[in-house]
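Read through the structure below, which is laid out as structure tokens, and then see the notes.
All values below were derived from every heavy atom in this structure, side-chain atoms included, with hydrogens, water molecules and symmetry-related copies excluded. Lettering of chains follows the sequences in order, A, B, ..., and the numbering in each one begins at 1. Keep in mind that what you see is a predicted model, and the values were worked out from it rather than measured.
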Amino acid sequence: MTNDRFNPHVADARWQSAWDAAQTFATPTDTDKPKAYILEMFPYPSGRIHIGHVRNYTMGDVLARYKKMTGHAVLHPMGWDAFGMPAENAAMEKGVHPGGWTRANIANMKAQLKRIGLALDWGRELATCEPQYYGHEQALFLKLLAAGLVYRKESTVNWDPVDNTVLANEQVIDGRGWRSGALVEKRKLNQWFLRITDFAEDLLAGVQGLDQWPDKVRLMQENWIGKSQGLQLTFNLAGTVDGIDVFTTRPDTLYGASFVAVAADHPLAQRMAENAPELQDFIALCKQGGTTAAELETAEKLGFNTGLSVEHPLDKDWHLPVYVANFVLMDYGTGAVFGCPAHDQRDLDFARKYDLPVRRVVAEGEDDGLTYRGDEAYTGPGRIVNSHFLNGMTIDEAKSAVITRAEHEGWGKGTTVWRLRDWGVSRQRYWGTPIPIIHCDSCGAVPVPESQLPVTLPEDVTFDTPGNPLDRHPTWKHADCPKCGKAARRETDTLDTFVDSSWYFLRFASQPDGAPNDAIDIARWLPVDQYIGGIEHAILHLLYARFWTRALAHIGLIDVVEPFASLFTQGMVTHETYSRPQGEGLPPLYFTPDEITRTATGATLDADNAPVEVGRIIKMSKSKKNVVDPDDIIDQYGVDAVRWFMLSDSPPERDLPWSEAGIEGCWRFVQRAWRLVGQVSGAVGEDKALTRKMHQTIAAVASDIEALSFNKAVARLYELTGAIEKAAPSAARDEAIRTLILLAAPMIPHLAEEAWATWGNTTLIADAAWPTVDESLLVEDEITIAVQVKGKLRDTITLPADADTAAMEAAAMASEKVQAAIGGADIRKVIVVPGRLVNIVI
RNA sequence: GCGGACGUGGCGGAAUGGUAGACGCUACAGACUUAAAAUCUGUUAUCAGAAAUGGUGUGCGGGUUCGAGUCCCGCCGUCCGCACCA
């Protein structure tokens with residue numbers, strides 16, 4: 001090979017075809033090699049791959065290729081999270097069919113992914129919008145239904161009266177639909193729910209074992225599940241048989257109670273409001289409040305005194321007033337609280353406003369009286385005071401004492417309350433998995449028999465009017481009841497797309513035709529050894545997937561409960577913004593990177609050569625126009641340079657700032673490596689220093705890749721490259737060049753294959769083995785140690801690696817610089833760290 | 001408000017409690033070239049100095065230690081998550 005430049009435009013396609021033809025990355029199924037299941041979160045087929053995908057998939061790809069080279073059976077699949085609203089929006093805006101739009105996007109994006117040269121087993125590709133996938137999902141749904149893990153109940157949804165559709169909470173902005181701008185109504189609909197709360201305890205406990213997940217994600221999962229232990233008790237309404245149920249985590253403070261408050265939506269408040277216009281007004285006022293952090297922070301605690309009173313459960317003659325209050329939430333606990341102002345800030349604010357008693361019941365050290373003064377509630381530790389039989393107990397002792405008594409006397413019960421709600425999965429949408437249910441007037445909700453699955457989506461639908469096209473379809477929803485045979489209605493709701501992504505990793509591992517999965521294959525491949533994706537899925541997707549896996553294990557379909565052994569959340573790709581102000585009240589005008597020329601100090605717009613403002617480095621977004629299209633840069637530099645850039649510089653969990661200079665540097669490295677490929681000379685002779693460096697690099701790059709510290713692995717490869725460049729021709733140098741290419745092969749696989757072939761190999765480097773390390777060469781035979789005087793570096797000296805502490809000390813004392821620093825002072829102590837340093841203390 | 005992460009050159013970032021700034025980018029100087037590109041060599045924390053060298057230096061203030069970017073305490077700042085959660 002005499003070309004002195006590497007030409008990716010030829011090499012990239014050549015090797016991608018070669019891998020395809022040889023089925024290099026097909027998952028080996030008949031082998032006893034250790035398994036490695038590497039998975040990146042599958043993309044939504046929006047139309048184009050963006051640079052964030054490239055970063056995500058490159059990381060997984062390096063790991064997958066490395067695992068293959070180190071003798072693992074690798075499962076590294078790819079698919080499409082293909083149901084969802086954007087397809088329906090496109091249908092409404094452009095008049096295209098969601099299916100056609102989605103499938104065309106998949107074709108485009110698959111071609112883009114192929115250009116990245118990913119080591120994927122395309123034989124296992126799946127798209128959630130195809131009946132071959134969602135039909136099995138319907139079967140799983142019915143199995144969970146049969147097992148009692150699915151139920152139907154009426155619940156309140158956000159209803160957009162213009163678009164005739166249900167909106168997710170995230171789609172309601174300031175009380176209006178995000179698309180229509182219409183005021184959103186609360187509407188009650190019958191919906192399907194999954195009993196995720198049955199698994200709350202187990203999902204929470206399981207978080208403890210996820211020691212290869214980021215702490216941040218584990219914490220977010222714990223907070224989302226939100227376990228609170230306490231007492232549910234009833235306050236009897238004075239003079240009636242009715243009561244108000246209240247949940248508290250602080251039963252120990254029951255003697256500090258000074259009021260009971262219920263939510264505006266509480267049945268009691270609603271009932272009383274029927275005959276009390278002022279209360280109606282107050283309830284309306286409560287609903288106006290904003291929900292942003294700042295608003296809640298400053299929102300005044302407001303209450304409406306109902307005039308009712310309740311009996312204190314520990315003293316029937318002690319009556320407490322009942323308020324309707326704006327800070328009590330109907331959807332947490334029982335929708336009612338008792339207020340203990342001395343030991344809860346919110347209650348204290350409320351009590352001060354409405355001039356209610358503030359009774360101290362916890363004191364640390366000296367009890368300075370019954371009435372609590374000050375504006376900050378005391379929530380710290382201490383002993384119980386002013387509380388009759390509880391006096392002197394610790395908080396924890398008092399909690400159990402009150403719970404025990406409540407249970408004994410029958411007015412309360414120790415309870416655990418969860419923040420986690422059951423998972424509502426009904427969506428009034430077309431482009432999703434049809435819920436396989438038929439509603440019969442006589443038999444109720446009847447499952448579609450398994451033999452009739454999949455229930456496929458009709459293709460002949462229109463989007464010219466708002467609402468769910470399945471509802472309007474002339475024939476689809478008419479079905480006979482599977483039980484009694486009478487004419488009945490097919491369920492027209494579809495499943496939340498989070499259901500689709502809750503088991504795709506199982507289907508990748510095992511895809512029989514007649515069943516969702518095969519338990520033996522699941523046992524072989526699961527859990528996923530390394531899952532890589534964005535932090536935005538830290539809560540919902542990961543929690544639902546953990547739940548779904550447990551649910552399937554619960555009904556005996558599979559034998560694994562935690563789907564992802566190790567999770568990595570990668571950072572975003574960011575870019576500078578370029579803009580010009582447009583004057584008062586107008587947003588700035590943004591420019592794309594290819595419209596400007598970057599200079600050392602700023603940037604100018606090519607169109608008029610005048611400067612533009614260089615803004616902050618932020619996440620790439622269409623609105624800020626700071627985007628780089630992967631296809632464009634691959635066209636320009638070839639994919640290896642782009643992959644190299646994705647791995648260089650920034651640690652993978654942090655954001656990666658894209659820059660023109662950065663990709664140029666990577667392009668230079670690709671060419672540097674290629675020049676070395678041409679320098680394998682057939683020379684003879686040793687080069688001990690270079691061989692040592694080579695073995696150190698093999699070991700370091702391996703451990704860096706396993707730790708996903710790709711930026712460090714890249715730095716090691718740069719070092720080895722530099723060392724080779726400086727070395728004179730020798731057999732050792734030739735070997736170092738070959739090793740360099742093997743080590744870099746997972747990162748820049750096209751160049752590596754080209755080099756491999758250039759050297760006369762007829763195999764693929766993708767199938768080659770990772771170089772072995774000569775452990776004996778990892779240690780140097782000469783070392784440089786630091787000599788400090790009173791902890792300050794004064795000299796460095798070179799010694800044989802096996803120098804003992806006495807030799808080190810002697811060599812340190814012999815240094816003129818060290819003697820000058822000691823300056824004749826008395827030596828109090830000498831610290832010698834073998835192989836490291838000598839510290840002389842004076 | 002609660003919880004978490006982070007803070008190191010012009011920039012991205014290295015650094016099991018043991019020589020701070022590896023590696024890359026940028027910039028500058030030089031070589032090659034008619035010239036440019038490409039490539040190569042060198043310099044690139046800061047202050048003083050011609051240099052040798054010396055002082056300072058990992059957000060700020062304390063502490064532990066022979067020795068702290070790293071551990072502990074208290075601040076400041078940035079980013080992220082959650083939230084009237086009873």
Side-chain angles (χ1 to χ4, degrees), chain A residues 4-5 214-220 222-224 226-228 230-232 246-250 253 261 263 289 291-293 295-297 299-302 325-329 331-340 344-347 349-350 417-419 535-536 538-539 574 598 600-601 617 644-645 648-651 653-669 671-672 675 709 711-722 725 784-797 817 820 828-833 835-842:
Chain A
D4 57 351
R5 301 272 288 176
D215 289 345
K216 175 166 59 167
V217 176
R218 290 165 49 173
L219 196 71
M220 283 162 76
E222 285 175 357
N223 290 342
W224 190 262
K227 182 180 186 176
S228 296
L231 171 69
Q232 182 166 325
V246 163
F247 174 74
T248 177
T249 55
R250 294 296 302 272
T253 64
T291 52
T292 66
E295 283 168 321
L296 291 176
E297 197 58 35
E300 207 178 356
K301 306 286 175 272
L302 296 176
N326 64 347
F327 63 86
V328 183
L329 306 174
D331 57 5
Y332 188 79
T334 60
V337 298
F338 83 79
C340 174
D344 181 290
Q345 190 58 46
R346 225 181 18 204
D347 296 345
D349 294 345
F350 190 81
V417 164
W418 303 87
R419 187 184 175 281
I535 186 71
E536 67 274 17
I539 298 177
T574 57
R598 192 76 172 83
T601 49
I617 297 174
W644 190 252
F645 186 74
S648 304
D649 295 349
S650 289
E653 70 278 11
R654 282 198 223 167
D655 290 350
L656 172 69
W658 178 271
S659 75
E660 200 64 27
I663 184 69
E664 289 280 354
C666 294
W667 170 248
R668 271 201 297 278
F669 174 77
Q671 296 303 340
R672 260 174 93 188
R675 271 195 301 280
S709 298
N711 57 323
K712 290 188 223 168
V714 163
R716 304 281 190 182
L717 292 172
Y718 272 115
E719 285 186 53
L720 181 59
T721 303
E725 284 170 341
T784 305
I785 64 161
V787 184
Q788 300 178 334
V789 177
K790 281 183 77 177
K792 256 189 187 318
L793 181 72
R794 292 300 171 183
D795 201 0
T796 57
I797 52 182
K817 290 176 190 168
R828 302 203 338 239
K829 200 174 177 184
V830 178
I831 312 260
V832 182
V833 182
R836 281 281 183 185
L837 61 62
V838 177
N839 186 11
I840 297 158
V841 187
I842 55 173

Euclidean distance, atom [atom1] of residue [X] to atom [atom2] of [N] [Å, nearest integer]:
| X | N | atom1 | atom2 | answer |
| --- | --- | --- | --- | --- |
| A/Gln671 | B/rC40 | CD | P | 11 Å |
| A/Leu219 | B/rA5 | CG | P | 9 Å |
| A/Lys227 | B/rA86 | NZ | P | 14 Å |
| A/Ile831 | B/rU65 | CD1 | P | 12 Å |
| A/Phe338 | B/rC85 | CZ | P | 15 Å |
| A/Lys712 | B/rG21 | NZ | P | 17 Å |
| A/Lys216 | B/rC79 | NZ | P | 14 Å |
| A/Ile535 | B/rG4 | CD1 | P | 16 Å |

query = Looking at the angle O4'-C1'-N9-C4 for a purine or O4'-C1'-N1-C2 for a pyrimidine, is B/rG9 syn or anti, with syn meaning within 90° of 0?
reply = syn

query = Which residues satisfy the salt bridge (Lys or Arg N to Asp or Glu O under 4.0 Å) test with A/Asp649, sequence neighbours excluded?
reply = none

ask   = Mind checking what makes salt bridge (Lys or Arg N to Asp or Glu O under 4.0 Å) contact with A/Lys790, not counting sequence neighbours?
value = none

Show me the protein contacts with nucleotides 28-33 of chain B, counting only N or O atoms at under 3.5 Å.
none

message = By the 4.0 Å heavy-atom rule, please label A/Tyr332 as base, sugar-phosphate, or nothing.
response = base

ask   = So what does A/Arg675 touch, heavy atoms closer than 4.0 Å: a base, only the sugar-phosphate, or nothing?
value = sugar-phosphate

message = Give me the atom names and distance for the closest heavy-atom approach of A/Asp795 to A/Leu793.
response = O-CD1, 3.6 Å

ask   = Which residue, A/Lys829 or A/Leu837, contacts RNA chain B at a nucleotide closer to its 5' end, judged by nearest heavy atom?
value = A/Leu837

request  = Return the 5'-most residue of the pair A/Val328, A/Thr796 with respect to RNA chain B, ranking by each residue's nearest nucleotide.
outcome  = A/Thr796

task = Measure the shortest side-chain to side-chain distance between A/Ser228 and A/Phe247 over non-hydrogen atoms and say whether it is less than 4.5 angstrom.
result = yes

ask   = Any side-chain N or O of A/Arg836 under 4.0 Å from OP1/OP2 of B/rG17?
value = no

message = With a 4.0 Å limit, can you tell me whether A/Arg668 has a side-chain N or O closer than that to the phosphate oxygens OP1/OP2 of B/rC25?
response = yes

Could you please name the option among [options] that lies closest to any side-chain atom of [X]?
| X | options | value |
| --- | --- | --- |
| A/Glu719 | B/rU39, B/rC25, B/rA22 | B/rA22 |
| A/Val841 | B/rC84, B/rU19, B/rC66 | B/rC66 |
| A/Ile539 | B/rC40, B/rC82, B/rU19 | B/rC82 |
| A/Lys817 | B/rU53, B/rG24, B/rC82 | B/rU53 |

task = Would you confirm whether the ring centroid of A/Phe645 sits within less than 6.0 angstrom of the ring centroid of A/Trp658?
result = yes

request  = On the 0 to 90° scale, with breaks at 30° and 60°, tag the A/Trp644-A/Tyr718 ring pair as parallel, tilted or perpendicular.
outcome  = perpendicular

Can you pull every protein N or O that's under 3.5 Å from an N or O on nucleotides 11-13 of chain B?
residue: B/rG12; atom: O2'; partner: A/Ser650; partner atom: OG; Å: 2.7
residue: B/rG12; atom: N2; partner: A/Asp649; partner atom: OD1; Å: 3.2

Grab the N/O contacts between the protein and nucleotides 67-69 of chain B below 3.5 Å, and write none if there aren't any.
none

key: Gap separating the CZ atom of A/Arg654 from the OG1 atom of A/Thr574, nearest 0.5 angstrom   = 12.5 Å

inquiry  = Can you tell me how far apart CZ (A/Arg419) and CG (A/Asn223) are? Round to the nearest 0.5 Å.
reply    = 8.0 Å

request  = Look at the side chain of A/Lys301 and the base of B/rC84, then say whether one donor and one acceptor between them are separated by less than 3.5 Å.
outcome  = yes

query = Pairs counted as Watson-Crick or G-U wobble with both distances under 3.5 Å: what dot-bracket string results for RNA chain B, using | for bases tied to another strand?
reply = (((((((..(((.....[....))).(((((.......))))).((((....))))..(((((..]....))))))))))))....

